[in-house]
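Have a look at the structure below before the remarks.
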Amino acid sequence: MTFERLTIEDDRFLINRLIGQAPRHTLVREFFMNAQESAALAPEGRRLVRIYPTVIDGVRKLTFWNTGPGMSATELRTATNISASINKRMSLSENFGIGAKVSGLTVSPAGIRYRSCKNGVVHQVTIGFDDEAQTFVRFAYDVEGRQESVFDVSYTLRHIVDLSSDWTEVVLMGEDDEHDTVSEPIGKGIRVDRSYVTTQIFRRFAEFRPGVKVVLDVALTKGGGRDETGRTRTLKVLEEVIPQLPNAETVICQETGVRIQYVHDPKHPSYSHSLSALNNPATSSTSFCALVHKGERYDFHTGNKWSAIAPNYGIPFGSTVLTISIALPDDGALPNQYRDALTTVEERNPISTDDYAGKVRELMPEWVKDVVRKAHPPRDENLDDLQRDLQKLLDEFRLPTSTYVKSLKTPERTEDSDVGLDEARSAPVNPIDDDEDRFLRGEESHGRRATENKVRKAPEGAKLSKEAQALERAPTIEILDDPAEIDEKQMKGRAGRYYKDAQTLFINGLYSAVDRMTGELELHFAGQVEAEELRRLILKAAQRSMAFRVGKATCFAISKRLVDGWSLEDLDRATSPESLSLAADDYRQSMGSARKWVGAELKLHELTVEENEPA
């Protein structure tokens with residue numbers, strides 16, 4: 001079969017666009033990957049990657065150095081072409097041959113200098129953007145009266161570097177001669193943490209190539225003087241530190257081959273750092289959640305971003321000490337063009353950690369659940385009444401769970417089912433206002449219920465029908481009153497946040513509507529009891545009544561799931577923190593119930609004081 005291969009008509013435009021659109025944040029990954037892949041080809045015991053500052057005309061330049069096969073002049077020229085590599089296999093699932101050069105030139109148009117020693121001879125080439133040519137080139141230098149882009153610098157370096165074995169060095173010149181690429185590696189004027197390079201490597205790589213040792217100058221790590229240099233620290237991957245941690249376990253999903261690793265990484269009792277950070281001083285290690293594919297992490301969440309989504313993974317509390325790694329099979333994903341995200345193999349759809357949140361919950365070991373339970377803040381509040389009243393409200397709609405709906409072959413409405421109706425049928429239940437009054441009354445001070453309705457017991461051995469078991473459950477309510485916890489869940493200025501997959505509703509106990517309600521209640525009950533005790537009772541009433549309003553709004557939103565015309569996006573908007581905040585703001589609808597509850601509690605308080613007075 002004959003054919004005519006396609007070529008690029010305007011390669012300058014294509015290269016300029018490719019580099020101009022490349023992300024900056026992939027720079028460290030690309031240069032480190034090249035360095036460790038080359039180092040892995042060195043003899044065992046000599047597989048080394050070093051990262052350090054090179055001072056050029058008084059300015060620090062970020063440098064990657066590695067052992068492994070060096071490159072001759074011809075190989076170095078080939079290696080600096082776009083979409084070209086030496087000693088590596090080119091493929092869509094392996095090496096693209098564009099990553100380091102493209103992301104590097106985006107950040108360092110003033111130049112990327114390559115030096116490589118092969119058989120005792122060192123050649124040098126520098127690539128960058130040429131203003132005259134208006135494209136990226138190999139810069140030409142005057143060498144013995146000739147203009148050359150690749151030339152021999154062995155004589156110049158003979159007393160400075162070791163020429164007895166092969167190595168390669170890459171120096172990032174930055175945007176201009178004055179650019180300090182050690183302190184500003186991803187762009188001039190873009191300040192990053194001093195350990196940015198180290199942290200990027202630790203977070204991105206779940207493993208290094210076999211036998212490769214990674215050493216960084218202290219100028220690129222935390223600790224020591226800010227301008228200190230000359231000393232080094234060795235960087236470890238998390239797997240090397242795990243033996244020093246309290247617990248870690250990997251569970252395999254038999255259906256998909258996905259491996260989920262749960263790691264407990266608590267703070268040291270005497271320091272502010274985590275145990276993994278203390279055992280890996282080259283970087284600041286914190287808990288996180290990420291996908292892992294072929295030894296690299298994607299969709300990395302840490303800090304408040306991890307805490308905000310952790311409830312969907314079965315971790316409403318304890319995300320600061322729990323790390324979740326979701327490792328996909330090698331043939332289960334492909335990296336995108338710039339290797340900063342994963343896609344499915346066939347459709348090229350994005351893959352995220354959220355796709356596996358259900359599996360993380362389902363396969364979670366019991367010891368992880370214990371860590372979550374222990375991390376739950378101490379509460380003196382019993383919210384069982386609230387849960388029951390919200391469940392009663394939701395039961396009116398006879399709303400089946402999403403899983404149960406999918407299992408029905410012919411979901412037909414019957415006389416006993418209101419599935420899909422816009423409104424619930426009237427049912428013999430207390431009005432919502434009465435429910436709120438009863439909820440606010442809660443447990444009496446002595447732990448007894450005010451009034452118990454007669455409970456009819458089913459025959460021994462009876463259990464819920466499949467349909468009843470499949471009815472939607474009301475969300476679990478968690479009232480937060482710690483500013484740090486509220487900030488972690490990204491609820492500042494919001495009354496609540498609903499996690500539909502985990503069926504958990506967090507309430508911001510410090511929300512402005514609580515303050516407004518407590519202010520009015522304090523004026524109403526002023527002087528009736530000691531100020532601190534009054535404040536405690538009123539704050540409790542305001543928080544509980546707001547939780548009830550937000551809970552009702554959530555249940556009404558959930559009930560719309562099977563209503564025609566309500567899309568998933570509509571449901572998400574209905575339960576968004578902003579929508580729930582609007583429900584919370586209407587606090588005056590609850591003032592009557594709150595006053596009754598506070599009044600009843602004040603009477604109980606007076607009786608208790610009288611009983612405790614000496615005769």
Are a donor atom and an acceptor atom from the side chains of Asp299 and His301 found within less than 3.5 Å of each other?
-> yes
Between Phe32 and Phe208, does the ring centre distance come in under 6.0 Å?
-> yes
Measure the CG-OG1 distance between Asn336 and Thr343 for me, rounded to the nearest 0.5 Å.
-> 7.0 Å
Rounded to the nearest 0.5 Å, what's the gap from CD on Gln490 to OG on Ser307? Could you check?
-> 9.0 Å
Any side-chain donor-acceptor pair under 3.5 Å between Thr221 and Ser195?
-> no
Any Lys/Arg nitrogen of Arg373 or Glu366 sitting under 4.0 Å from an Asp/Glu carboxylate oxygen of the other?
-> yes
Would you sort out whether Asn16 and Thr135 count as a side chain to side chain donor-acceptor pair (under 3.5 Å), showing the intermediate values?
-> CA-CA 6 Å; Asn16 287 354; Thr135 191; 3.0 Å; yes
Of Val214, Val212, Asn66, the residue whose pairing with Arg47 passes side chain to side chain contact (heavy atoms under 4.5 Å, CB included) = Val212
Would you find a donor on one side and an acceptor on the other, under 3.5 Å apart, between the side chain of Trp306 and the backbone of Ser319?
-> yes
Just checking, is any N or O donor in the side chain of Arg113 or Thr126 under 3.5 Å from an acceptor N or O on the other one?
-> no
With Ser103 as reference, evaluate Ile186, Ile19, Thr26 under the side chain to side chain contact (heavy atoms under 4.5 Å, CB included) test and give the passing residue.
-> Thr26
Check: Tyr155 main-chain N/O paired with Arg158 side-chain donor or acceptor under 3.5 Å | yes
Does Ala79 offer a backbone N or O that forms a donor-acceptor pair with the side chain of Tyr114 under 3.5 Å?
-> no
Ser108 side chain to Met173 backbone, donor-acceptor under 3.5 Å | yes
Full working for salt bridge (Lys or Arg N to Asp or Glu O under 4.0 Å) between Asp166 and Lys118 = CA-CA 5 Å; Asp166 287 7; Lys118 182 171 185 176; over 6 Å; no
Side-chain touch Leu216/Tyr52, heavy atoms, less than 4.5 angstrom | no
State whether the side chain of Lys61 and the backbone N or O of His179 hold a donor-acceptor pair below 3.5 Å, judged by distance alone.
-> yes
Shortest non-hydrogen separation from Phe139 to Ala110 and the atoms involved | CE1-O, 3.6 Å
Side-chain ion pair, Glu30 and Lys101, N-O less than 4.0 Å | no
Rounded to the nearest 0.5 Å, how far does OG1 of Thr256 lie from CG of Leu328?
-> 8.5 Å
Say you draw a straight line from CD1 of Ile15 to CG of Leu18; how long is it, rounded to the nearest 0.5 Å?
-> 8.0 Å
Should Leu291 and Leu342 be marked as a side chain to side chain contact (heavy atoms under 4.5 Å, CB included) after you check the CA-CA gap, both sets of side-chain angles, and the distance that decides it?
-> CA-CA 9 Å; Leu291 296 173; Leu342 290 176; 4.2 Å; yes
Pairs satisfying salt bridge (charged side-chain N to carboxylate O under 4.0 Å, His left out), at least one member in residues 206-216, at least two apart = Glu37-Arg209
Should Ile324 and Ile260 be marked as a side chain to side chain contact (heavy atoms under 4.5 Å, CB included) after you check the CA-CA gap, both sets of side-chain angles, and the distance that decides it?
-> CA-CA 7 Å; Ile324 305 295; Ile260 301 176; 4.1 Å; yes
Going by distance alone, is a donor N or O of one side chain under 3.5 Å from an acceptor N or O of the other, for Arg203 and Thr302?
-> no
Ser276 and Ser274: side-chain donor and acceptor closer than 3.5 Å?
-> yes
Without swapping roles, check the side chain of Gln134 against the backbone of Asp131 for a donor-acceptor pair under 3.5 Å.
-> yes
With a 3.5 Å cut-off and no angle check, do the side chains of Asp217 and Thr232 form a donor-acceptor pair?
-> no
Are Thr250 and Tyr262 close enough that a side-chain donor and a side-chain acceptor fall under 3.5 Å?
-> no
Is a side-chain N or O of Arg361 found less than 3.5 angstrom from the main chain of Asn312, in a donor-acceptor match?
-> yes
With no hydrogens and no angle check, do the side chains of Arg138 and Thr80 hold a donor and an acceptor under 3.5 Å apart?
-> yes
Check Val345 against Ala333 and note the closest heavy-atom contact, atom names and distance.
-> CG2-N, 3.7 Å
Please tell me if the side chains of Met364 and Lys369 come closer than 4.5 Å, counting only heavy atoms from C-beta onward.
-> yes
Is a side-chain N or O of Tyr196 found less than 3.5 angstrom from the main chain of Ser183, in a donor-acceptor match?
-> no
Aromatic ring pairing Phe136/Phe129, orientation class (parallel under 30°, perpendicular over 60°, tilted between) | perpendicular
What heavy-atom pair brings Arg46 and Ala42 nearest, and what distance separates the two atoms?
-> O-CB, 3.6 Å
Rounding to 0.5 Å, atoms NZ (Lys359) and OH (Tyr356) come to a distance of 10.5 Å
Dump the intermediate steps for side chain to side chain contact (heavy atoms under 4.5 Å, CB included) on Val171 and Ile56, then the final yes or no.
-> CA-CA 10 Å; Val171 181; Ile56 298 178; 4.3 Å; yes
Taking the side chain as every heavy atom from C-beta outward, state whether Val371 and Leu322 have any pair of such atoms under 4.5 Å apart.
-> yes
Interatomic spacing from CD in Gln124 to CD in Glu148 - rounded to 0.5 Å = 13.0 Å
Give the C-alpha distance, both sets of side-chain angles, the deciding distance and a yes or no for salt bridge (Lys or Arg N to Asp or Glu O under 4.0 Å) between Asp340 and Arg29.
-> CA-CA 9 Å; Asp340 59 352; Arg29 181 268 172 196; over 6 Å; no
Of the non-hydrogen atoms in Gly104 and Ile112, which two are nearest, and what is the gap between them?
-> C-CD1, 3.6 Å
Sorted by chain and residue number, the ring-ring contact (aromatic ring centres under 6.0 Å, His included) partners of Phe13 (sequence neighbours excluded) come out as none
Do we see a donor-acceptor contact under 3.5 Å between the side chains of Asp487 and Asn304?
-> yes
Where Arg194 and Ala219 come nearest, the two heavy atoms and their spacing | CG-O, 3.6 Å
Backbone of Lys236 reached by a side-chain donor or acceptor of Asn280 within 3.5 Å = yes
Mark yes or no: Arg297 above the aromatic ring of Phe300, with NZ or CZ under 6.0 Å from the six-membered ring centre and no more than 45 degrees from the axis.
-> no
Given the rule in the side chain to side chain contact (heavy atoms under 4.5 Å, CB included) test, do Met33 and Phe205 qualify, once you have shown the distances and angles that lead to the verdict?
-> CA-CA 9 Å; Met33 175 60 88; Phe205 292 92; 3.6 Å; yes
Over all heavy atoms of both residues, which pair between Val258 and Pro329 is shortest? Give the atoms and the distance, please.
-> CG2-CD, 4.3 Å
Under the 3.5 angstrom rule, does the side chain of Thr106 hit a backbone N or O of Val102 as a donor-acceptor pair?
-> yes
Are Ser287 and Asp265 linked by a side-chain donor-acceptor pair shorter than 3.5 Å?
-> no
Would you please classify the geometry between the Phe31 ring and the Phe64 ring as parallel, tilted or perpendicular, with 30° and 60° separating the classes?
-> parallel
Classify the side-chain pair Ser352/Asp354 by whether it contains a donor and acceptor separated by less than 3.5 Å.
-> no
Measure from NZ or CZ of Arg204 to the centre of the six-membered ring of Tyr298, then state whether that distance is under 6.0 Å and the direction lies within 45° of the axis.
-> yes
